[in-house]
Amino acid sequence: MGDDGTVGDLSELSQVLIAAFEVLQSGAQDRRAAFHTPVFASLGLDGRPLSRIIVLREFDPDQRNLRFHTDWRSHKVGQIRHDPRVSFTFYDPAMKLQLRCEGQARLHHQDAISAKAWEASQRMSKVCYGTAPAPGLVIEQADDFAMPDDQESIAAGQEHFCAVVTQVTTLEWLWLGFKGHRRARFIWDDNGNVDGVWLVP
Ligand SMILES: Cc1cc2nc3c(=O)[nH]c(=O)nc-3n(C[C@H](O)[C@H](O)[C@H](O)COP(=O)(O)O)c2cc1C
């Protein structure tokens, strides 16, 4: 190991990265996977950290893109438009594995990517985008809002549908191994070259 902590032989680190990409992919595909519902963090308009659970819809290992869906009217969209730096935290208690992914989020609203994602969405997912008034607004009573109930008004919700796509530029892997914890970090440059290092857990 070099003085700066870099490891000359990346064979083990590259295996860690392959395994990390696999759990992200299966997390997106498997509704029961712990990695299906990570914590997504953005920066509030005043700079404070804000986080919430989202449903991971896709991980594309070639582009390193994480995708989830949200309402264009939601607070997080305003936060991302203000500052696109975001992070995702995943934890699977059975695997004892935490992943933290950082990147810059891109918002797809009323474009080809959001249209494709909308088409692939289930009816029960589409319903949420027709909520009136907008999510996050203060209401007098707990049930002072309406959800669309017919085909036409559910379809109209597409105008609020937004796909959030984040290319991962930093991935940190932490495994709570029985015989000792292991921690590694991977950083990609603008050309897509990755640099992996082991970290003290
Ligand atoms: C299991 C679970 C899954 C969720 N999935 C999503 C999601 O995919 N997209 C989303 O915008 N909000 C999702 N939410 C709601 C968010 O956690 C959050 O409450 C909401 O989006 C408002 O966040 P905001 O005000 O920061 O924009 C989910 C909540 C839970 C508990």
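Counting convention: from 1, in listed order, for ligands and their atoms alike.
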Assign the ring pair Phe186 / Trp188 to parallel, tilted or perpendicular, where the plane angle (0 to 90°) is split at 30° and 60°.
tilted

In terms of heavy-atom contacts, Ser121 and Lys126 come closest through O-CE, 3.6 Å

Do Ser87 and Arg100 come close enough that some side-chain heavy atom pair is under 4.5 Å?
no

If Ile, Leu, Val, Met, Phe, Trp and Tyr residues are connected whenever their side-chain heavy atoms lie under 4.5 Å apart, and connections chain through other members, are Tyr91 and Leu24 in the same group?
no

Name the residues with a heavy atom less than 4.0 Å from ligand 1?
Arg52, Ile53, Ile54, Val55, His69, Thr70, Ser74, His75, Lys76

Stepwise side chain to side chain contact (heavy atoms under 4.5 Å, CB included) check, Val194 with Ile187
CA-CA 6 Å; Val194 64; Ile187 298 179; over 6 Å; no

Hey, can you tell me if Trp72 and His109 have their rings parallel, tilted or perpendicular (30° and 60° cut-offs)?
parallel

